[in-house]
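As structure tokens, the structure follows; a few thoughts come after it.
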There are 4 protein chains.
Amino acid sequence: MRKNRPKYKAIIDGAVQVIAENGYHASQVSKIAKKAGVADGTIYLYFKNKEDILISVFKEKMGQFIQKIAEATHREQDVKKKLLTLIQLHFEQLAVDHHLAIVTQLELRQSDPNIRMQINNVLKDYLDVIDMILEEGIEQKVVRSDLNIPLMRQMIFGTIDETVTNWVMKNQKFDLVSLAPDVHNLLMNGLRTNE
Amino acid sequence: MRKNRPKYKAIIDGAVQVIAENGYHASQVSKIAKKAGVADGTIYLYFKNKEDILISVFKEKMGQFIQKIAEATHREQDVKKKLLTLIQLHFEQLAVDHHLAIVTQLELRQSDPNIRMQINNVLKDYLDVIDMILEEGIEQKVVRSDLNIPLMRQMIFGTIDETVTNWVMKNQKFDLVSLAPDVHNLLMNGLRTNE
Amino acid sequence: MRKNRPKYKAIIDGAVQVIAENGYHASQVSKIAKKAGVADGTIYLYFKNKEDILISVFKEKMGQFIQKIAEATHREQDVKKKLLTLIQLHFEQLAVDHHLAIVTQLELRQSDPNIRMQINNVLKDYLDVIDMILEEGIEQKVVRSDLNIPLMRQMIFGTIDETVTNWVMKNQKFDLVSLAPDVHNLLMNGLRTNE
Amino acid sequence: MRKNRPKYKAIIDGAVQVIAENGYHASQVSKIAKKAGVADGTIYLYFKNKEDILISVFKEKMGQFIQKIAEATHREQDVKKKLLTLIQLHFEQLAVDHHLAIVTQLELRQSDPNIRMQINNVLKDYLDVIDMILEEGIEQKVVRSDLNIPLMRQMIFGTIDETVTNWVMKNQKFDLVSLAPDVHNLLMNGLRTNE
DNA sequence: TATGAATGAGCCTTCATTCAT
DNA sequence: AATGAATGAAGGCTCATTCAT
């Protein structure tokens, strides 16, 4: 299968780097090819077009990203701990790969409607993980039940996302991972039931 | 003064529409000119280049946007009411002008570092409004003081922003404004002091 | 008459300066207008189009230039002195107005065939002066008669012109006028009869 | 090596023709591409920009031009014959390629300072050939020693150049090459020692 | 006459994509 | 499969010229 060939991975990784360094619109296919160590034409043996590269980058990288978070939260029993794990892994994975962080937080926000739709498809899995935590929390009465889930999910995702964006925009000058407990505390406070 | 001329406004408004419909990078200058009802060359009497259009769009539109919110929150006495007002006006203004909403939530996220820097400059005023509310809240012991302000601000802005983005992505199918009380409730819950 | 109005002269002088400073193709009409202290549109009350400005510049400036030389050589009796006068005045006039020198030696060489034709018309008068000196010289047996006049004229004009061009290209760093006697000596040597 | 590829030569030759026919500033890149039988974009695989085409045209064509003259004069022993050879080859080469003649005599005179500088660099070699002939002539007492070399060089180059320009301007209606002996005679007369 | 805002045709250059080798 | 030279469509921007005031 095409995706298992070494050049496929080389192109994906090259694309992440080039996009992180130049931004999506300044990322010429030839630049990606050079960084990946292949000829320009070779790109088109693996990808339909430039847009397809971007979508594939997101699917590959975010797929793994989400996968890890999904698995880790499943392993946890406690709802609060699930959320903490989610936040921590989210921060950790981006802190470790700042190229990916730039691409995720900044570059992927742009682009055509149909790219965005595909990206949202992938993101859907992530949001599902959040929803499941919330549902479990409501069931266990750790999370308030008077607000609908999408709203709470938006707070969780919005807060995490905004925090990472801030970190990226400030050129990763502070320690993102160490913020996890406070973010968790803040969110749990908002979510908790008001006895 | 250049900005008071009717064509300036026409171009800004044309740009908002065209960018909302096509995305920034697919928005040819000639398209903006046509929508504004001016010749292509006229654009360059009012704007340095295409990038300058985008920045001006943001400064003009977001400037007013933020101005309104800043004034309205200042008029309120109660901290909780200030936050509610902020959320409500944020939602209302974007709900009323969905072209602007698309540009704000999607198109402006992209683009070169130097565009982003300029945009952040404008946004700074908005974040300052949030910070002031938080500071006042801490003083009045309505807001917890054990977390730093940037973090809480990120929750507030992140949640509001994510909510609007969701609304835009779902093609404005639900009533954004009516969400304000719940968002407010959720955020205040997270922020409140834990006695 | 149009040409006597003060703005006509202002535009011509502005054009000479702007062209000397920027080169013909980087000399926008608006730049010339600004330098002349008139509105862009005013230019077109005095000139048909941009090309017409260039031609008029040449006619005005070179007209005077040639006029002076023609008169001065006529006043001289001696053929040798006539040629010396011609060389000296040629050098002097350009040395005094280096903007004009740049325009004459460099900028006017370019441009469309039909501009060149008009320029040549003006130059014709200058070449006629040379021819008359040569004819007189031949008559008086000071100038050899075994070569045709155009050839000798080309030597005279070519040598003078090349000397000025060199001076312009070297940024007028040496004294052009003081070269006149040597140039005259050299040319007379070539022209003299070989007894 | 880039310059050896057939398309490089095709573009250079196409450029010479198009520039000769239209003048440099009216020579669109697309016209040159069409004449050369390549796509517009192909031009930019071989040349940095439009200006680079002009400079390359000059370097290539004038390089060969000067090379031939330099070699031929070196082969001659006699100083007078060296000069005759120079004049003859100069005329012959331009007579044979009238497109090149137009470009050399008219189009290359124009243009930005930095183009001119590059052109002068190439021309320098030609002027050096003249200087060497003069020095040899002085040594052998065939050329007068009371005038400085640059001045005499200006007469030689100026006369030759002016003659060619006249020929080009008169649309090559007379036989340029046959003028060589007279031009030579005239110049030698000017240069000779006055015993 | 004079103004200068407005016009819009025109062109260099980029770069995603193709295809002969 | 892989290459990379070649393609050519597309668009931002300039500037000579016009015309309503």
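A note on names: the letters A, B, ... follow the listed sequences, proteins ahead of strands, and every chain is numbered from 1.
Between A/Lys50 and B/Gly41, the residue whose closest nucleotide on DNA chain E is further toward the 5' end is B/Gly41. Closest-nucleotide positions on DNA chain F for C/Ala26 and D/Ala39 were compared, and the one nearer the 5' end corresponds to D/Ala39. For the pair B/Ser27 and D/Gly37, nearest-nucleotide mapping onto DNA chain F gives the more 5' position to D/Gly37.
The separation between A/Lys31 atom NZ and E/dA16 atom P is 10 Å, rounded to whole Å. Taking atom CD1 of A/Ile43 as the reference point, atom P of E/dT17 lies 11 Å away to the nearest angstrom. The CG atom of A/Asp52 sits 14 Å away from the C1' atom of E/dT17 (whole-angstrom rounding). F/dA1 atom C1' lies 17 Å from atom OH of A/Tyr44, rounded to whole Å. Atoms CD1 (A/Ile11) and P (F/dA1) sit 12 Å apart, rounded to a whole Å. For the pair A/Asp40 CG and E/dT14 C1', the computed distance is 14 Å after rounding to whole Å. Rounded to whole Å, atom P of E/dG10 lies 10 Å from atom CD of D/Gln28. One interatomic measurement links the two molecules: CD1 of A/Ile32 to C1' of E/dC15, which rounds to 12 Å at whole-angstrom precision.
Across all strands shown, E/dA2 is found opposite F/dT21 as a Watson-Crick or G-U wobble partner, with both distances under 3.5 Å. Pair assignment for E/dT14 gives F/dA9, based on Watson-Crick or G-U wobble hydrogen-bonding distances that are each under 3.5 Å. The partner of F/dC15 is E/dG8, by the rule that a Watson-Crick or G-U pair needs both atom distances under 3.5 Å.
Taking only side-chain atoms of A/Thr42, from C-beta outward, the nucleotide of F/dA1, F/dA2, E/dT17 with the closest atom is F/dA2. Nearest to the side chain of D/Lys7, among E/dT7, F/dA6, E/dT3, sits F/dA6.
Under the 30°/60° scheme for interplanar angles, the aromatic rings of B/Phe47 and B/Tyr8 are found to lie parallel.
One N or O on the side chain of C/Lys50 and one on the backbone of C/Ser27 form a donor-acceptor pair closer than 3.5 Å. With hydrogens and angles disregarded, no donor-acceptor distance shorter than 3.5 Å links the side chain of B/Thr42 to the backbone of B/Val38. Side chain of B/Thr104 to backbone of B/Leu100: a donor-acceptor contact under 3.5 angstrom is found. At distances below 3.5 Å, at least one donor-acceptor pair connects side-chain atoms of C/Lys31 with backbone N or O atoms of C/Ala26.
Checking the phosphate oxygens (OP1, OP2) of F/dA1, no side-chain nitrogen or oxygen of A/Tyr46 falls inside 4.0 Å.
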